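Just so you know, these numbers come straight off a predicted model, no measurement behind them. Whatever order the structure lists them in is the order used to number ligands and atoms, beginning at 1.
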Amino acid sequence: MKLFTTQQIRDWDIYTIKNEPIDSIDLMERAANRLTDWYYENCERYTDITFFCGVGNNGGDGLVMARLLHLLHFNVKCYIVHFSDKISEDFKQNLSRLPKNVPCYDIKEDSDVPVINDETVLVDCIFGSGLSRPPKGITQKTIIEINRSNNPVIAIDIASGLYADHYSTHFQTIIEADITLTLEVPKLAMLFPENDKNVGELNIIPIDLSKKFKEETPSNYFFTTHKNAQEIYRPRKRFDHKGKFGNLLIVGGSKGMIGAVQLATKAGLRAGAGKTTALVPACGYEIIQATIPEAMCISDPSRNHIVASTLVSKYSAIGIGPGIGQHEQTQKAVRSIIEDAEKPIVLDADALNMLSENDEWWSLIPENSILTPHLGEFERLAGIQFINSFDRLEAASKMAKEHNVIIVLKGANTAICLPNGQIHFNSTGNAGLAKGGSGDALLGIISSLLAQKYKPYEAAILGVYLHGKAGDYASADKGFESMVASDVIESLGKAFFELLK
Ligand SMILES: NC(=O)C1=CN([C@@H]2O[C@H](COP(=O)(O)OP(=O)(O)OC[C@H]3O[C@@H](n4cnc5c(N)ncnc54)[C@H](OP(=O)(O)O)[C@@H]3O)[C@@H](O)[C@H]2O)[C@@H](O)CC1
Ligand SMILES: [K+]
């Protein structure tokens, strides 16, 4: 799914109105109908609803919802926040359509801001994508009061006060929503961790804006949906044999860290590689052989850490890094594997930390290789600590373009930065994945897909999606706290199955 800036969304709106064609008031009615359907299907038992409407089109959406929910016999009331004398035409029309028996109050000065103490759902439609500066005065006061209440808050399109395309610094005056119902596509700011408390649970409400505009308007931002993952996935055919699914090598492990390479190897197998081999220090040999009978194992001459490289040309993909440590001799071995590799490889964990200390390695990395740093590893690679996610993402995208590699910036909504400038945000996964071993599983999955001849960008996007989806199954079964990386790997099968639906 392509993501757009607010300016592009405004143009999309205008294009749809002109070319469908549809009157703007009817488009607002359609959007509010979809929002109302969502409310009815998901929140039917919450019968008391208070709307806080601005005087732009976001407020207009709120007024239509209020009318429709009133007709469905919900107890609705509205507050109108008069933040400007410039009132949108569609807002005005919908205010006149609001049934007279819906209580409606004006907020024009500070003393009009209500103290919220009744049990009601609060619907935030003060500002939408038209926010142009931090809220002040009565708007600020209203937002603070909504946040102070303990009532459930649903934001329409975007939490009021949050900039859609760039970093917000006025944290005190942004709605903290429990649920965001965003129209047609998520907005960029919703995918960044610092805005999590403002966005809450994100739901996308399609409103049928023009398909032609969507296809023809360029964007570098994407959100990986189930359908996108299905388009990449290639189901197996009846006569396929193991030779077709590649020969994967996982390089990792050191004394006390054999579990990491064990998880990556298991994940590689579960993600479908035809043959999977682990290259580990001698102390890990028996562990791998005894616990993963399906895998082959090469024992390094050294007992506690890897010192020797191996003949890399016979493998269709190589994943390097889980639990590998940073011993000087290991660095030499890793460097020589990277140097010998002729196809894209996958680098994680200490392999990335080694790279951040050896700038000259960049020129050795085969193009389109995949680097999977978490935020700390990325900052080491970039040599900078970032203040916000926008700057961090920009730096990751620049690095991907500059070095012709794929950067998988791990976190909630993992961002996959491609050398062509595209950034793909993942849509699956949960907080239970923030745990040791999770990254090892991801390295195994991505390398395994690469071994199966998925293109590097496909392996990265699909691998991250499957890892998150398996994490969602694991959390449903074990809970966020108790799920571990092994549960994620065990759930991979269900994630693959779902792609067939
Ligand atoms: N996408 C779609 O196709 C559809 C979108 N729809 C809906 O429309 C919404 C966008 O509507 P919108 O453009 O009218 O913007 P919205 O945020 O309601 O208000 C803008 C007003 O606020 C003002 N203003 C801004 N900041 C301010 C501040 N701090 N303090 C005071 N004033 C401030 C600003 O004034 P200005 O910046 O010009 O000074 C302007 O007057 C969108 O989110 C969605 O809900 C659907 O209806 C149908 C289809
Ligand atoms: K809003």
Side-chain angles (χ1 to χ4, degrees), residues 3-20 22-36 51-65 79-94 107-108 122-143 146-147 153-165 168-170 172-187 189-190 195 198-200 202-210 213-214 217:
L3 302 182
F4 294 113
T5 61
T6 35
Q7 186 52 51
Q8 286 173 316
I9 292 174
R10 230 168 272 145
D11 296 343
W12 197 3
D13 191 11
I14 294 167
Y15 185 96
T16 306
I17 290 169
K18 181 158 177 260
N19 291 281
E20 188 173 320
I22 179 170
D23 285 341
S24 99
I25 189 92
D26 294 332
L27 182 58
M28 184 178 277
E29 189 77 16
R30 179 158 85 202
N33 257 288
R34 303 282 167 83
L35 291 162
T36 305
F51 287 82
F52 286 88
C53 303
V55 293
N57 287 335
N58 194 247
D61 289 349
L63 290 175
V64 183
M65 271 185 91
Y79 286 93
I80 311 295
V81 188
H82 291 266
F83 53 67
S84 166
D85 298 333
K86 217 167 60 188
I87 300 177
S88 100
E89 281 311 312
D90 292 344
F91 173 92
K92 277 187 208 160
Q93 265 211 55
N94 278 309
I107 301 182
K108 291 189 171 170
L122 307 179
V123 180
D124 155 39
C125 21
I126 304 173
F127 293 118
S129 51
L131 181 82
S132 56
R133 55 199 176 276
K136 290 264 154 40
I138 48 165
T139 326
Q140 177 177 30
K141 197 152 188 261
T142 307
I143 290 174
I146 292 173
N147 287 345
V153 180
I154 301 182
I156 299 304
D157 204 20
I158 184 165
S160 294
L162 186 65
Y163 287 126
D165 301 334
S168 307
T169 45
H170 49 280
Q172 302 303 318
T173 43
I174 308 175
I175 288 287
E176 293 171 6
D178 298 289
I179 292 172
T180 293
L181 304 181
T182 198
L183 299 176
E184 197 74 17
V185 288
K187 320 296 179 269
M190 296 176 182
N195 299 331
N198 306 106
V199 179
L202 177 63
N203 289 279
I204 303 166
I205 310 293
I207 58 167
D208 297 338
L209 294 182
S210 161
F213 181 96
K214 182 169 65 181
T217 307

Exercise for the section: Please indicate whether Q172 has more than 12 foreign heavy atoms, meaning atoms of other residues, nucleotides or ligands, lying under 6.0 Å from its CD. Expected result: no

Exercise for the section: Could you tell me whether the side chains of S210 and N19 share a donor-acceptor contact shorter than 3.5 Å? Expected result: no

With a cut-off of 4.0 Å, which atoms of ligand 1 are near a heavy atom of [X]?
{"X": "L209", "result": "3 (O)"}
{"X": "L131", "result": "17 (O), 25 (C), 26 (N)"}
{"X": "K86", "result": "35 (O), 36 (P), 38 (O), 39 (O), 41 (O)"}
{"X": "G56", "result": "14 (O), 18 (O), 19 (O)"}
{"X": "D157", "result": "42 (C), 43 (O), 44 (C), 45 (O)"}

Regarding [X], does it place an N, O or S atom less than 3.4 Å from the K ion (ligand 2)?
{"X": "G128", "result": "no"}
{"X": "G54", "result": "no"}
{"X": "I158", "result": "yes"}

Handout entry: Check: D165 side chain, T6 main-chain N or O, donor-acceptor pair, under 3.5 Å
Key = yes

Practice task
Could you tell me whether a side-chain N or O of D124 sits under 3.5 Å from a main-chain N or O of S160, the two making a donor and an acceptor?
Solution key: yes

Exercise for the section: Check each heavy atom of S24 against ligand 1 and say whether those closer than 4.0 Å belong to the side chain, the backbone, both or neither. Expected result: neither

Completion exercise
Within the 4.0 Å heavy-atom cut-off, what S129 brings close to ligand 1 is both

Problem - From N57, L183, D85 - option closest to atom 5 (C) of ligand 1 by heavy atom - result: L183

Problem - atom 40 (C) of ligand 1 protein-contacted (non-hydrogen atom, under 4.0 angstrom) - result: no

Exercise for the section: List the closest protein heavy-atom neighbour of atom 9 (C) of ligand 1: residue, atom name, distance to the nearest 0.1 Å. Expected result: N58 N, 3.7 Å

Problem - Heteroatom proximity flag, G130 to ligand 1, N/O under 3.5 Å - result: yes

Exercise for the section: Return the name of the atom in D124, of element N, O or S, nearest to the K ion (ligand 2). Expected result: O

